[in-house]
Amino acid sequence: MNQAPRIETARISGPFQIEIHWSTGEVFTTGLKDLIGPPRKEDPFCALHDPAFFAQGHADDWGDGLIWLGGLNLGADRLYTLGRKQAGLSTREDLVQWMERNNLSLAHAAEAIGMTRRMVAYYKNGSRPTPKTVWLAGIGYEVLECHAA
């Protein structure tokens, strides 16, 4: 898989919750309450606060996001990141921030955690989920670098 994760199926599983099956083989029950925020009349997403309207959400035909009547949609990339975070897993953004904090290029990041540059690039661009072992290696790198300084 060399493309961003896609939604294979999505099922409303509760108020502001959606169970999403991803092309990566992962399944996350993702809570959207914080993403949607409090109801504000001027906000087009205000309609999602109505449980009957929210229950009409479904994956689009290409797996690029969730859609509702009236053109409301949430992108798959945002939902995937949110699902991983809520499951306690690392995200592509975590890897990017780690590289920036440590001033690492792709090649230096790969060397630091004992991987190929290509694999780090896949994780960085989001075309593959970052495994927990890679995230832990990054944390270990920071701990060792901090103690060496």
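Note that the coordinates shown come from a computational prediction; the quantities given were computed from them, not determined experimentally.
Atom-to-atom distance recorded for Ile113:CD1 and Leu136:CG is 11.0 Å, nearest 0.5 angstrom. Remark: Arg40 CZ to Cys46 SG distance equals 8.5 Å, nearest 0.5 Å. To the nearest 0.5 Å, the span separating OG on Ser90 from NZ on Lys85 amounts to 9.0 Å. A distance of 12.0 Å separates CD in Glu93 from NZ in Lys124, rounded to the nearest 0.5 Å. Residue Thr30 holds its OG1 atom at 9.5 Å from CD of Glu19, rounded to the nearest 0.5 Å. Considering NE2 of His108 and CG of Asn103, their distance stands at 9.5 Å, rounded to 0.5 Å.
The number of heavy atoms from other shown groups lying within 6.0 Å of CD (Glu111) does not exceed 12.
Proximity of a side-chain donor or acceptor of Asp94 to a complementary backbone N or O of Thr91 within less than 3.5 Å is detected.
Pro39 approaches His49 most closely through the heavy-atom pair N-NE2, 3.4 Å. Summarising the geometry of Val120 relative to Ala109, their closest heavy-atom pair is CG1-CB, 4.2 Å, with the distance given to 0.1 Å. Shown here for Pro5 and Ser23, the closest heavy-atom pair between the two residues is CA-OG, 3.5 Å. Met115 and Met119 get closest at one heavy-atom pair: CE-CB, 4.1 Å.
Membership of the apolar cluster around Ile20 extends to Ile7, Ile12, Phe16, Ile18, Trp22, Phe28, Leu32, Leu35, Ile36, Phe45, Leu48, Phe53, Phe54, Leu66, Trp68, Leu69, Leu72, Leu74, Leu79, Tyr80, Leu82, Leu89, as traced through chained side-chain contacts below 4.5 Å between ILVMFWY residues. The hydrophobic cluster around Ile67 extends to none of the other residues, as no ILVMFWY side-chain heavy atom falls under 4.5 Å of it.
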(message) Go through it in stages, so that I can follow the logic: the residues are Thr29 and Gln86, the test is side-chain contact (heavy atoms from CB on, under 4.5 Å), and I'd like the CA-CA distance, side-chain angles, deciding distance and then a yes or no.
(response) CA-CA 9 Å; Thr29 298; Gln86 290 178 4; over 6 Å; no

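The residues Glu142 and Arg101 are annotated as salt-bridged, a charged nitrogen and a carboxylate oxygen being separated by less than 4.0 angstrom. We find that Arg92 and Asp77 are not joined by a salt bridge, their nearest charged nitrogen and carboxylate oxygen being 4.0 Å or further apart.
Counting heavy atoms from C-beta on, the side chains of Leu95 and Trp98 come closer than 4.5 Å.
In this view, Trp135 satisfies the ring-ring contact (aromatic ring centres under 6.0 Å, His included) rule with no residue, not counting sequence neighbours.
Two different hydrophobic clusters hold Tyr123 and Val96 under the rule that ILVMFWY side chains link at heavy-atom gaps under 4.5 Å.
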